[in-house]
> 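Please read through the structure below; I'll follow up with questions.
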Amino acid sequence: MRARLARVDAVLVQAIIAAALSFAHLHDVATAAGQDGWKAWAYPISVDLLLVAAWRRLRSGDGKTAAWCWFVIALVASLGANVATAGLLDLDNVPAWLRILVAGWPAIAFLGGTLLAHSAPKADLDSKVIESQEDEPEATPEPPAQPAIEAPPERPAVPIPAALIDHARKVAAEHHSRTGAQIDTPTLRARLGVPALMAEAIAAHL
């Protein structure tokens, strides 16, 4: 346990020293480029925040290409300030391109931080798609269309003479008085000696 704490303490001490030196170098470069007061202190914070955002995206395992790109940009800005303040740059006569780069850095850092912090990883997008598909109700299959039932063709009307209808009524009355039941169509046909269609038509008039 003590050995582990010793390793952690050493790492923390090195991290604090590196952060403090890099912070001071970035502040000095920003001041030399014309950013005075609180603005000069905001530049180191901006670089460190972009490094942290890129590192968090690298640890998440998604979008590593974009994370490495912004990590390298922030690292170059930090290392560049360290090297520039080591005597390679005349802080009293800063070149114009460095002034332009320092002035444009806030917009670059804001763009990188926004893309890293607010772009949804692919795994989250896939899970949202799966959840939306699970929430959708399953489509009920439509029953197969039933074949249309054709109506039987209507039988043509059979002309029946009035005299034949009167005769059929007499036959039906005689059958009823003799049997006590209504005469059926086959019996009516047999008694009248007419075709089946005509017998049915006559029975419909009785």
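This structure is a prediction, so every number in the text was calculated from the model and none was measured.
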> Which atom pair, heavy atoms only, marks the closest approach of Leu26 to Ala77?
CD2-O, 3.6 Å

> Search all heavy atoms of Val29 against all heavy atoms of Val102 and return the closest pair with its distance.
CG1-CG2, 4.3 Å

> So Cys69 and Ile73, side chain to side chain contact (heavy atoms under 4.5 Å, CB included) or not? Walk me through it.
CA-CA 6 Å; Cys69 178; Ile73 291 174; 4.1 Å; yes

> Where do Pro106 and Ala103 come nearest, in terms of heavy atoms and distance?
CD-O, 3.4 Å

> Could you report the tightest heavy-atom contact between Arg57 and Ala67, atom names first, then the distance?
CG-CB, 3.5 Å

> Of all heavy-atom pairs between Ala74 and Val47, which one has the smallest distance, and what is that distance?
O-CG1, 3.6 Å

> Side-chain heavy atoms nearer than 4.5 Å, only ILVMFWY residues, links allowed to pass through others: does that put Leu116 and Val52 together?
no

> Indicate yes or no: at least one non-hydrogen side-chain atom of Leu50 is less than 4.5 angstrom from one of Trp105.
yes

> Same hydrophobic cluster for Leu111 and Tyr43, using side-chain heavy-atom links shorter than 4.5 Å among ILVMFWY?
yes

> Rest of the hydrophobic cluster containing Phe110 (Ile/Leu/Val/Met/Phe/Trp/Tyr, side-chain heavy atoms under 4.5 Å)?
none

> Are any side-chain N or O atoms of Ser177 and backbone N or O atoms of Glu174, one a donor and one an acceptor, separated by less than 3.5 Å?
yes

> So do the side chains of Trp70 and Leu58 get within less than 4.5 Å of each other, counting heavy atoms only?
no

> Can you name the nearest heavy-atom pair linking Ala40 to Thr31, along with the distance?
CB-OG1, 3.3 Å

> Output the rest of the hydrophobic cluster of Val72: all Ile, Leu, Val, Met, Phe, Trp and Tyr residues reachable through side-chain heavy-atom contacts under 4.5 Å, sorted by chain and number.
Val76

> Sequence neighbours excluded, which residues qualify as salt bridge (Lys or Arg N to Asp or Glu O under 4.0 Å) partners of Arg169?
Asp166

